[in-house]
Amino acid sequence: MKDGNNNPEDQQINVELSEEVAEGIYSNLAMIAHSNSEFVIDFIRLMPGVPKAKVKSRIIMTPDHAKRLLAALKDNIAKYEQSFGKIQGGMEGPNFPMNFGGGFGEA
């Protein structure tokens, strides 16, 4: 039986966060690809002096969810900058060469 109160704001979502996921995964590079039905975001960690970067996490979402993520990121960045000041850069690629940290070790 419906109670007639279908307001989405009144509905709660119970989200579970395991300890492992709560630790997070550091990423300093993201690569995004898309098809007509999904967006794929690969979160990558680039390390100094290591020529091979590893994908640490891959998130696949619908175009609708990708657009909502973009809006949420814009909103959060605006709030961050109001509190802590303008984020410098952000539009260019990494500030270091892909082999940053000098040459590669030799045996």
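Positions are given from 1 along the sequence.
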- line: Residue set satisfying side chain to side chain donor-acceptor pair (under 3.5 Å) with Asn76, at least two apart, ordered chain then number -> none

Single-linkage hydrophobic cluster Ile32~Leu73, side-chain heavy atoms < 4.5 angstrom: yes

query: Say you draw a straight line from CG of Leu69 to CD1 of Ile41; how long is it, rounded to the nearest 0.5 Å?
result: 5.5 Å

- prompt: If you link I, L, V, M, F, W and Y whenever their side-chain heavy atoms are under 4.5 Å apart, who else ends up in the same group as Leu17?
  reply: Val21

field: Under the salt bridge (Lys or Arg N to Asp or Glu O under 4.0 Å) test, residues paired with Lys79 that sit two or more places apart
entry: Asp75

- line: Ser35 meets the side chain to side chain contact (heavy atoms under 4.5 Å, CB included) criterion, sequence neighbours left out, with Ser37, Glu38

- request: Determine which pairs satisfy salt bridge (Lys or Arg N to Asp or Glu O under 4.0 Å) with at least one residue from residues 45-56, sequence neighbours left out, and list them in order.
  value: none

query: Does Arg58 have any side chain to side chain donor-acceptor pair (under 3.5 Å) partners at least two apart in sequence or in another chain, and if so, which?
result: Asp42

task: Using side chain to side chain contact (heavy atoms under 4.5 Å, CB included) as the criterion, list what pairs up with Arg68, not counting sequence neighbours.
output: Asp64, His65

message: Applying ring pair (Phe, Tyr, Trp, His ring centres under 6.0 Å), can you list everything that pairs with Phe84, at least two apart in sequence or on another chain?
response: Tyr80

- prompt: Sequence neighbours excluded, which residues qualify as side chain to side chain contact (heavy atoms under 4.5 Å, CB included) partners of Ile77?
  reply: Glu81, Ile87

message: If I take atom CD1 from residue Ile25 and atom CD1 from residue Ile44, how far apart are they, to the nearest 0.5 angstrom?
response: 13.0 Å

Co-members of the apolar cluster containing Ile13 [side chain, <4.5 Å]: Val15

- prompt: side chain to side chain contact (heavy atoms under 4.5 Å, CB included) with Lys67: which residues, sequence neighbours excluded?
  reply: none

query: With sequence neighbours left out, what residues match His34 under ring pair (Phe, Tyr, Trp, His ring centres under 6.0 Å)?
result: Phe39

